[in-house]
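I have placed the structure first, in the form of structure tokens, so that the comments after it can refer back to it.
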Amino acid sequence: MIDFQLTDEQTALREKARKFAIGEVLPVSKKYDLSGEFPRDVLERAFKAGLMNLRIPKPFGGPGYGAIESAIVVEEMAAACAGITTSMYVNELGAEPIILMGTEEQKRRFLVPLTKKFKLISFATSEPGMGSDVAGVQAICERRGGEYVLNGDKFFITNGDYADFFVIFARIKGTRRHQGICAFFVPRGAEGLSTGKPLPKLGHRASDTSVVMLRNVRIPSENLIGQEGNGFRLAMLTFMHTRPAIGAMATGLARSALEYAINYSKQREAFEQKISNFQAIQHIVADMYARIEAMRLLTWKAAWLLDHGANANIASSCAKLVGSEDAMRIATDALQVYGGRGYLENYAVAKLFRDAKLFQIYEGTSQIQRQVISRFLFEEYQSTIKGT
Ligand SMILES: Cc1cc2nc3c(=O)[nH]c(=O)nc-3n(C[C@H](O)[C@H](O)[C@H](O)COP(=O)(O)OP(=O)(O)OC[C@H]3O[C@@H](n4cnc5c(N)ncnc54)[C@H](O)[C@@H]3O)c2cc1C
């Protein structure tokens with residue numbers, strides 16, 4: 001059965017998220033974007049409102065929401081500010097490997113602290129020499145007695161400067177490619193762990209992006225998540241669960257771009273009439289709306305598969321690919337509707353344009369999503385037509 005109706009609980013959650021986004025995020029979105037200051041106060045209020053750590057199961061203090069509920073909340077937040085949303089929902093990315101492969105005891109030790117008090121957790125696969133090619137992790141872990149010693153550098157780590165905890169991927173010395181990669185829960189206070197200055201960015205300026213340096217960081221072996229050598233699989237499984245949220249973020253940003261374009265075109269006059277009278281403008285906003293509907297449906301389909309325990313790998317990649325490509329296009333079109341004013345920072349569409357670009361890059365670039373989808377098409381997809 002296909003059902004596009006939200007439940008009463010989902011509708012109430014959307015209203016709660018929308019109220020928070022409009023009341024607490026939108027009014028400060030520009031301030032944090034221009035200053036690059038970390039929006040800790042907003043995040044703390046989101047935590048108190050129960051709008052963070054969405055997927056952490058109830059036994060560990062979280063709301064235990066499914067992927068659909070996460071997508072609903074994330075869309076609302078991103079419609080107000082994609083940068084603050086990135087900061088807020090990196091906790092989902094950091095917690096997911098523990099939810100997926102942590103033991104009950106690890107979930108108690110690592111997830112409960114995230115739900116008891118406001119805490120941040122970051123996720124670190126990327127390195128100065130590697131981003132797309134996760135099998136190429138260079139950071140090293142060496143087992144010494146009852147602990148592992150970690151060495152290496154992690155790059156582009158969201159909330160890196162502010163995180164209380166990290167999930168860090170490193171490989172066992174001497175292993176190559178997919179074999180030997182491990183994931184560790186690492187507290188910020190671990191001796192030998194330090195972070196660099198925030199990296200200045202084009203967009204999502206309200207989110208912190210940093211370098212994490214590991215110099216002989218000793219981690220108890222009980223902090224290994226899953227088994228030795230399953231880190232690559234864990235990273236891919238994590239992305240399967242989190243990529244729909246990027247589709248949801250892209251949908252939220254695109255929705256705002258559409259609304260700004262409608263509002264502006266109804267006010268701005270050219271050739272002695274509102275520009276909304278021009279069919280060229282009407283068709284731009286019609287295309288935006290149709291694409292946003294498609295983005296949301298792909299996102300919800302991937303989320304639905306996850307919530308039903310099905311393999312959502314291809315659906316997640318489709319949701320992220322279409323969501324991020326269309327968000328970039330819609331933000332560009334919205335800027336065009338504003339004409340020259342769209343190019344000024346005084347108007348919100350310039351920020352949407354800058355923010356949209358990141359969706360095509362993090363959690364696997366658009367090229368990587370196409371690679372995932374095309375591999376499926378050439379290796380598994382069953383054609384209905386025989387012959388050429
Ligand atoms: C603001 C921001 C926040 C981020 N947050 C995090 C985080 O919290 N944690 C984390 O671990 N990482 C994070 N990242 C890193 C992000 O995931 C990587 O930047 C991304 O995966 C791309 O890796 P790269 O930058 O090394 O590009 P590269 O992998 O060097 O790719 C360069 C170009 O080559 C293309 N390319 C690479 N391989 C292929 C291929 N096989 N086929 C076709 N094209 C290919 C890419 O699509 C891209 O266009 C963040 C990045 C940014 C910008």
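Counting starts at 1 for both ligands and their atoms, in listed order.
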On the 0 to 90° scale, with breaks at 30° and 60°, tag the F110-F185 ring pair as parallel, tilted or perpendicular.
-> parallel
Assign the ring pair Y381 / F376 to parallel, tilted or perpendicular, where the plane angle (0 to 90°) is split at 30° and 60°.
->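 It falls in the perpendicular class, over 60°.
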Could you give the distance from CZ (F38) to CG (D208), rounded to the nearest 0.5 Å?
->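 Answer rounded to 0.5 Å: 6.5 Å.
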Check the pair F20 / V25 against side-chain contact (heavy atoms from CB on, under 4.5 Å), numbers first and verdict last.
-> CA-CA 7 Å; F20 186 89; V25 181; 3.8 Å; yes
Apply the test salt bridge (charged side-chain N to carboxylate O under 4.0 Å, His left out) to residues R144 and E142: give CA-CA distance (whole Å), side-chain angles for both, the deciding distance (0.1 Å), then the verdict.
-> CA-CA 6 Å; R144 288 196 200 143; E142 283 177 87; 3.7 Å; yes
Report the C-alpha separation of D287 and D333 in whole Å, then their side-chain angles, then the decisive distance to 0.1 Å, and conclude whether the side-chain contact (heavy atoms from CB on, under 4.5 Å) test is met.
-> CA-CA 10 Å; D287 276 349; D333 286 347; 5.8 Å; no
What short N/O contacts, under 3.5 Å, does ligand 1 make with the protein, listed by atom pair and distance?
unit_1, atom_1, unit_2, atom_2, d
ligand 1, 5 (N), F156, O, 2.8
ligand 1, 5 (N), T158, OG1, 2.8
ligand 1, 8 (O), T158, N, 3.0
ligand 1, 8 (O), T158, OG1, 3.3
ligand 1, 9 (N), F123, O, 2.8
ligand 1, 11 (O), T125, N, 2.9
ligand 1, 11 (O), T125, OG1, 3.1
ligand 1, 11 (O), S126, N, 2.9
ligand 1, 11 (O), S126, OG, 3.2
ligand 1, 12 (N), S126, OG, 2.7
ligand 1, 14 (N), F156, O, 3.4
ligand 1, 23 (O), S132, N, 3.3
ligand 1, 26 (O), G131, N, 3.2
ligand 1, 29 (O), S132, N, 3.0
ligand 1, 29 (O), S132, OG, 2.6
ligand 1, 41 (N), Q371, NE2, 3.4
ligand 1, 47 (O), T365, OG1, 2.7
ligand 1, 47 (O), Q367, OE1, 2.8

